[in-house]
Amino acid sequence: MSTSDGSSVLESVADRAARALPPSPTLARWGLGGMLFAAGVHKLLNPGAWAVYVVDWLAPLLVVSPVAFMLVNGWLEIGFALLLVADRYTGVAASVAAASLTATIGYLAVVWATTGRFGDVIARDVGLLGLALAVLADALRGE
């Protein structure tokens with residue numbers, strides 16, 4: 001089906017949808033901020049669910065208990081999430097998210113290689129690292 005100017009109805013709908021959405025850098029920033037906010041809140045509400053990612057050999061290397069570690073991280077994630085959503089210190093917040101995700105992926109890769117655990121989390125976090133790097137690139141370019 002075509003409109004009077006020859007364009008398809010689907011293209012017209014897609015164009016309207018694209019115009020209605022915020023710019024891609026904004027959507028990426030909101031998405032990364034939303035993920036950090038949700039993770040931070042969940043860490044505060046149920047830190048034990050997150051403490052399972054601290055394997056036996058890592059626990060002694062932490063200065064605090066795994067649960068306390070997750071509680072501290074929860075507050076930090078909420079803070080960085082708010083910066084991202086408010087578009088304040090975006091480069092700093094995205095850098096922290098990218099560094100944290102890189103370290104998490106590296107750590108979980110070791111755990112996965114030695115125990116077979118957390119491969120699914122690695123797969124998710126690789127995508128989130130890409131999102132954090134996209135937000136960082138946009139911030140560095142001043143977009």
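The first residue in the sequence is number 1, and the count goes up from there.
The CH2 atom of Trp112 lies 12.5 Å from the CD1 atom of Ile105; values are rounded to the nearest 0.5 Å. In this structure, Leu83 CG and Ile78 CD1 are separated by 12.5 Å, a value rounded to the nearest 0.5 Å. The CD1 atom of Ile122 sits 5.5 Å away from atom CG of Leu108, with the distance rounded to the nearest 0.5 Å. The distance from the CG atom of Leu62 to the CZ atom of Phe69 is 5.5 Å, given to the nearest 0.5 Å. Once rounded to the nearest 0.5 Å, the distance linking OG1 of Thr114 with CH2 of Trp57 reads 7.5 Å. To the nearest 0.5 Å, the span separating CG on Asp125 from CG on Asp120 amounts to 9.5 Å.
Annotation: side chain of Leu71 is in contact with side chain of Leu44 (closest heavy-atom distance under 4.5 Å).
Taking both residues in full, the closest heavy atoms of Ala81 and Gly33 are given as CB-O, 3.2 Å, listed atom of the first, atom of the second, then distance. A pairwise comparison of heavy atoms in Ala132 and Leu101 identifies CB-CD1, 4.2 Å as the closest pair. Heavy-atom minimum distance, Met70 versus Lys43: O-CB, 3.6 Å. For the pair Gly91 and Leu136, the tightest heavy-atom approach, listed with the atom from each and the gap, is O-CD1, 3.6 Å.
Checked by atom type and distance alone, the side chain of Arg29 pairs as donor or acceptor with a backbone atom of Leu84 at under 3.5 Å. Looking at Asn46, its side chain never comes within 3.5 Å of a backbone N or O of His42 through a donor-acceptor pair. Looking at Ser100, its side chain never comes within 3.5 Å of a backbone N or O of Val96 through a donor-acceptor pair.
Tyr89 is linked by a ring-ring contact (aromatic ring centres under 6.0 Å, His included) to nothing, counting only residues two or more places apart in sequence or in another chain. For Phe118, the ring-ring contact (aromatic ring centres under 6.0 Å, His included) partners two or more places apart in sequence, or in a different chain, are Tyr53.
Under a hydrophobic clustering in which Ile, Leu, Val, Met, Phe, Trp and Tyr are joined whenever their side-chain heavy atoms come within less than 4.5 Å, directly or via other members, Val67 and Val41 fall into the same cluster. Val92 and Trp75 are members of different hydrophobic clusters when ILVMFWY side chains are connected at heavy-atom separations under 4.5 Å. Neither Val54 nor Leu45 shares a network with the other; the hydrophobic side chains, linked directly or stepwise wherever heavy atoms of I, L, V, M, F, W or Y lie under 4.5 Å apart, form separate groups for each. The cluster map of Ile, Leu, Val, Met, Phe, Trp and Tyr, joined by side-chain heavy atoms under 4.5 Å apart, puts Val135 and Met35 in the same cluster. No single ILVMFWY cluster, assembled from side-chain heavy atoms under 4.5 Å apart, contains both Phe37 and Leu131.
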Distance-only criterion, 3.5 Å: show the donor-acceptor pairs between side-chain atoms of residues 14-27 and protein atoms not counting sequence neighbours.
{"from": "Arg16", "atom 1": "NH1", "to": "Ser12", "atom 2": "OG", "distance (Å)": "2.9"}

